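Below is one structure, written out as structure tokens; the observations come after it.
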Number of protein chains: 2
Amino acid sequence: MTDASSSTRRTVRVELGDRSYDILIGPGLIAAAGSEIAARLKGRRIAVVTDEHVGPIYLDPFMRSLSTSGIEAVSLVLPAGEKTKGFEHLMAVCDSVLGARIERNDAVVALGGGVIGDLTGFAAGVVRRGSRFIQVPTSLLAQVDSSVGGKTGINSRHGKNLIGVFHQPDLVLADTDVLDTLSQREFRAGYAEVAKYGLIDKPDFFSWLETNWREIFAGGPARIEAIATSCQAKADVVAADERENGPRALLNLGHTFGHALEAATGYDSSRLVHGEGVSIGMVLAHQFSARMNLASPDAARRVEAHLTEVGLPVSMTQIPGDLPPAERLMDAIAQDKKVKSGKLTFILTRGIGQSFVADDVPASEVLSFLKDKYPR
Amino acid sequence: MTDASSSTRRTVRVELGDRSYDILIGPGLIAAAGSEIAARLKGRRIAVVTDEHVGPIYLDPFMRSLSTSGIEAVSLVLPAGEKTKGFEHLMAVCDSVLGARIERNDAVVALGGGVIGDLTGFAAGVVRRGSRFIQVPTSLLAQVDSSVGGKTGINSRHGKNLIGVFHQPDLVLADTDVLDTLSQREFRAGYAEVAKYGLIDKPDFFSWLETNWREIFAGGPARIEAIATSCQAKADVVAADERENGPRALLNLGHTFGHALEAATGYDSSRLVHGEGVSIGMVLAHQFSARMNLASPDAARRVEAHLTEVGLPVSMTQIPGDLPPAERLMDAIAQDKKVKSGKLTFILTRGIGQSFVADDVPASEVLSFLKDKYPR
Ligand SMILES: NC(=O)c1ccc[n+]([C@@H]2O[C@H](COP(=O)([O-])OP(=O)(O)OC[C@H]3O[C@@H](n4cnc5c(N)ncnc54)[C@H](O)[C@@H]3O)[C@@H](O)[C@H]2O)c1
Ligand SMILES: NC(=O)c1ccc[n+]([C@@H]2O[C@H](COP(=O)([O-])OP(=O)(O)OC[C@H]3O[C@@H](n4cnc5c(N)ncnc54)[C@H](O)[C@@H]3O)[C@@H](O)[C@H]2O)c1
Ligand SMILES: [Zn+2]
Ligand SMILES: [Zn+2]
């Protein structure tokens, strides 16, 4: 770790009583992982889980950093992609952690994007009914969203993320340099979640993004700043509502539509990745809010313009291939949400950075809105 | 539910703040399940999991009771036996619960012994990151031990119960009549855990058991009393130490030796079931305490005499087939416990009902004790 690295490094603390933890954000954290972990962990054994894209680039330097700090580690490399979030791989991770004799003071590490983080966190949450867990998120989405807050899980044939536990990490190391090897498309997808924090309740942050987004993509201080602000925003929500009973729902801005679109495209990442669904979903949420006379149409136009500028899709018509009819999208929405006598719960908005939970949205209005937006 | 049933029924409350719950103990609770559940549950959907021994006898009356109270239920019948506590069946239970569209106010029910309870409780703990869960324990062991306290889990090839979560039930219904169809052998095995509560810290209860055990086996008020006392004992320990960091360790009296014997017999229930291992283990713990001059040998003789009288094994030599040499048993013990520089943590005793946690037991003493007890 160079002096330059430590001086630009930011720390966000997630306040959860005796389960509080730090998120370190900055360059050089893969190389500094060993010393950061050794300073916090009593044990000296670690099981690292990564995927076939991240492993070849970052596993060696990560393992070297651990061993330099006197930590013994074993690693498991899994296939990359959403399909890895299933029972078969959960079993493999549990088995590998137990085989490595990871005990009470040792830890399990997720080195990868949200897929590896969700799967590995779930395994850590159930091995010996809860083992120490460290997130080393390597995608932008994982750094600003999935690695923070303790939600872990796998998919079921009945839907995404339906099986899991809340299991908070003990430490998050977000090395901002590693994002340079992430594909542009995945970077943009993660950026949708960064923009989301502005649109929820930080209008100034959204304005700052409109001005500075190119520097975030390029790397450097603006990237660190954007990630730290995002982590802080998520940390605040998580501290207020760890188990997602109330305010945490706002984090779903754009996600109800987004999830329906992910389901409609069969979770085929060549057509749509999560962040792209969120991008379209956020635009739809703003447009729908305008249609319901809750917000000015200018807000929706501003969101659409910014997301278009960074290269994200903003309309269902931009998704390659055909979508099912609006009625089928509505089924997916109803499955995602509790439908009480024709009313849906949605995150809507009164303008940029003024989102709120609306729990009486008429399903019929959503249906006719979707028909307008995707005529066939 | 007859008047007679409700007048003999006992309730034990497990105090865990906003996760407190009742254990109802008495006759006729399968028939009364629908009304007891409907009175406490907001939702009206239930997924029941049972096994191939319990299902044919109790699933029909249980489902009828639910439907009479306006509860819609689906059921899943799994193979009986310890092997069911694995990933494959965990997946099947999760799938069935999700397929039944069990939501926030609905519940998952375990109707069976400890195997079904541990597996189903784990599934309930991870479906939607925690679903409501009701235990309807049908073995004596499950009624006095596994259904209380929220420990759930499955086995791994690295050991028993190594993967799971803490997930408290919302209600436990212990119908004491159903124990009449349990095999004598399984009843005795459960009885070992009943005796354990006396030996931990209730000398008067142990004396009462010595006098009244025949009535407990026969059924009637003494059975209800013994189960209620056992549940209360476990509830007190759980309330003081939900996550097993301290005092809950006392519940492991007899279990360190017992687990080693279960492992040594390859978890082959034709040779040894859990409660039998605990029975032998409790006698060994008392004998070892005497050998270490901690307790009088009379205590060990009294424990041995009582467990022998009820028909439980009390010595390793009573296990059919050969056991491995003492060194291999020690390996299993070391795997079960943390070994700190040749010292083991054991539950030892100063006499009947005077157990304590000893964390400096020399491994060498245990080894020579085992060699004496199982010469070959
Ligand atoms: N737990 C939560 O709170 C939460 C929140 C949001 C999303 N998620 C989950 O996160 C997952 C999506 O996360 P994701 O977008 O990171 O997906 P991902 O883990 O699949 O990563 C995307 C792709 O980028 C690759 N990659 C990651 N880091 C890289 C790097 N530095 N260099 C090169 N390639 C790299 C991966 O191998 C993968 O191919 C979904 O499963 C979603 O459900 C969870
Ligand atoms: N979670 C905990 O705190 C905890 C505590 C102790 C034991 N356990 C676990 O409990 C399990 C052992 O429980 P168990 O002894 O109940 O085993 P089990 O569930 O296998 O039941 C024993 C046998 O009795 C049958 N049976 C159950 N009730 C019956 C009835 N009323 N009539 C006829 N047959 C019946 C079962 O089908 C099975 O064949 C082990 O897996 C052990 O690890 C868990
Ligand atoms: Zn998201
Ligand atoms: Zn036991």
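Order of the sequence lines sets the chain letters (A, B, ...), proteins ahead of strands, with each chain counted from 1. These numbers were taken from a predicted model, which means no experiment stands behind them.
Side-chain N/O atoms of A/His274 and A/Glu193 include a donor and acceptor closer than 3.5 Å.
Of the listed residues B/Val97, B/Val127, B/Thr152, the one with more heavy-atom pairs under 4.5 angstrom with chain A than any other is B/Thr152. In terms of heavy-atom pairs under 4.5 Å with chain A, the best-connected choice from B/Asp95, B/Val165, B/Asn161 is B/Asp95. Counting heavy-atom pairs closer than 4.5 Å to chain A, the top residue among B/Gly159, B/Gly99, B/Ser156 is B/Gly99. Of the residues considered (A/Arg128, A/Met91, A/His167), A/Met91 shows the highest number of contacts with chain B, using heavy-atom pairs under 4.5 Å.
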Next item on the list: Go through B/Arg132 and B/Asp170 one step at a time and tell me if the salt bridge (Lys or Arg N to Asp or Glu O under 4.0 Å) criterion holds.
Entry: CA-CA 6 Å; B/Arg132 283 175 204 280; B/Asp170 296 277; 3.7 Å; yes
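Counting heavy atoms from C-beta on, the side chains of B/Val108 and B/Val48 never come closer than 4.5 Å.
Salt bridge status for A/Lys160 with A/Glu262: present, with a side-chain N to carboxylate O gap under 4.0 Å.
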